Amino acid sequence: MNLSNFFLIKYAPEIIARTWEHLLLVFVAIAIAIIAGIPLGILITRQKSLRQLILGTANVFQTIPSLALFGLLIPVPVIGGIGATPAIIALALYSLLPIIRNTYAGIVGVDPAIREAGRGMGMTEQQLLLQVEIPLAMTVILAGVRVATVIAIGVATIAAAIGAGGLGELIFRGISTVNDQLILAGAIPAAIIALLADFAIGWLEKQLKIK
């Protein structure tokens, strides 16, 4: 067997370059989703009247087909157009729901007796949140981040349709040229990244549970 004909070796330089693009898209999008999603999840534990509005809005973004959402962002001023920016915004919107929902569920799931004990010790609401509720809810929050990350890695392959790069470039080229090797050269690394991310965040969850 001639290894130079094996597609993962044949396309290795481009796979590496596209993988870095893919990781950058996902990393920035998930960072934005965490920065926005965790505070929103905390907010709806304090303002119950906003729960349906915020969760419903995040749910709407999840129900929009990914390609349609990328397309809808193209004409939007500042964040729209072609390239990485609208792709990152779309991925962040897709990632919001599991992070918001798990943040809410994790904090609401904290034993009320523990909260009362904290208040009895003279803790303010902010101290209670930062020192008691968030640490106890962290494994649940991480589970949401884990789901969001795996979803984002998969959806990021569609970002190539609006010129954002990533492993989707190989997949789309493979489809347009009916080249199975190109499709697999994009799909296999994307699947491996998703599995590794799932394992890494899952491992972190277990470590926090042990502590």
Side-chain angles (χ1 to χ4, degrees), residues 11 13-44 50 53-103 141 144-177 179 182-198 200-201:
Y11 298 109
E14 188 171 5
I15 289 172
I16 293 168
R18 296 301 183 189
T19 296
W20 281 115
E21 290 176 355
H22 204 89
L23 289 171
L24 183 61
L25 288 173
V26 172
F27 178 81
V28 175
I30 291 296
I32 293 171
I34 289 171
I35 291 168
I38 291 178
L40 286 172
I42 293 168
L43 176 64
I44 60 177
L50 295 176
L53 174 63
I54 290 173
L55 287 175
T57 302
N59 193 50
V60 166
F61 290 127
Q62 281 251 329
T63 59
I64 299 173
S66 53
L67 188 57
L69 184 57
F70 286 125
L72 288 170
L73 287 175
I74 291 175
V76 177
V78 183
I79 63 170
I82 299 294
T85 300
I88 288 169
I89 298 300
L91 289 172
L93 292 174
Y94 259 104
S95 304
L96 278 175
L97 181 61
I99 294 174
I100 295 172
R101 187 172 54 201
N102 278 47
T103 300
I141 295 170
V145 173
R146 182 181 182 181
V147 171
T149 302
V150 173
I151 290 172
I153 291 167
V155 174
T157 57
I158 310 295
I162 59 169
L167 291 164
E169 289 280 352
L170 293 167
I171 295 171
F172 278 103
R173 272 172 43 208
I175 291 170
S176 64
T177 59
N179 185 332
L182 268 175
I183 294 171
L184 291 172
I188 290 176
I192 291 171
I193 292 169
L195 289 171
L196 289 174
D198 184 62
I201 301 173

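Everything numeric in this text was worked out from a predicted model, so none of it was measured. Sequential numbering from 1 along the given sequence is applied to the chain's residues.
- Of the inter-residue distances, the one linking Ile30 atom CD1 with Leu91 atom CG reads 8.0 Å to the nearest 0.5 angstrom.
- For Ile82 against Ile162, the heavy-atom pair with the smallest separation is CG2-O, 2.8 Å.
- The distance from the CD1 atom of Ile38 to the CD1 atom of Ile99 is 6.5 Å, given to the nearest 0.5 Å.
- Note that CG of Leu196 and CD1 of Ile153 are 8.5 Å apart. Values are rounded to the nearest 0.5 Å.
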| Verdict with reasoning, Leu96 to Gln62, per side-chain contact (heavy atoms from CB on, under 4.5 Å) | CA-CA 9 Å; Leu96 278 175; Gln62 281 251 329; over 6 Å; no
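- Within the structure, the salt bridge (Lys or Arg N to Asp or Glu O under 4.0 Å) test picks out no pair touching residues 151-162 (sequence neighbours left out).
- What you find for Ala164 and Leu25 is that their closest heavy atoms are O-CD1, 3.7 Å.
- With rounding to the nearest 0.5 angstrom, the CZ atom of Phe172 is 5.0 Å from the CD1 atom of Ile158.
- Taking every heavy atom of both residues into account, Leu73 and Pro86 meet most closely at CD1-O, 3.3 Å.
- With contacts defined as side-chain heavy-atom distances shorter than 4.5 Å, the pair Leu69/Val155 does not qualify.
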| task | Kindly determine whether Ile89 and Val76 satisfy side-chain contact (heavy atoms from CB on, under 4.5 Å), including the steps that lead there. | result | CA-CA 11 Å; Ile89 298 300; Val76 177; over 6 Å; no
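- Scanning both residues, Gly37 and Ile100, for their nearest heavy atoms gives O-CG1, 3.6 Å.
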| query | Given the rule in the side-chain contact (heavy atoms from CB on, under 4.5 Å) test, do Tyr11 and Leu184 qualify, once you have shown the distances and angles that lead to the verdict? | reply | CA-CA 10 Å; Tyr11 298 109; Leu184 291 172; over 6 Å; no
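- For the atom pair CG of Leu182 and OG1 of Thr177, the computed distance is 5.5 Å after rounding to the nearest 0.5 Å.
- By the 4.5 Å heavy-atom criterion applied to side chains, Ile183 and Asn179 are not counted as neighbours.
- Here the shortest heavy-atom pairing between Leu97 and Leu55 reads CD1-O, 3.9 Å.
- With hydrogens and angles disregarded, a donor-acceptor distance shorter than 3.5 Å links the side chain of Tyr94 to the backbone of Ser66.
- Interatomic distance, CG of Leu50 versus OG1 of Thr57, reported as 10.0 Å (0.5 Å rounding).
- Judged as a side chain to side chain contact (heavy atoms under 4.5 Å, CB included), and not counting sequence neighbours, Ala17 has no contacts.
- Considering all non-hydrogen atoms of both residues, Ala87 and Ala159 come closest at CB-CB, 3.7 Å.
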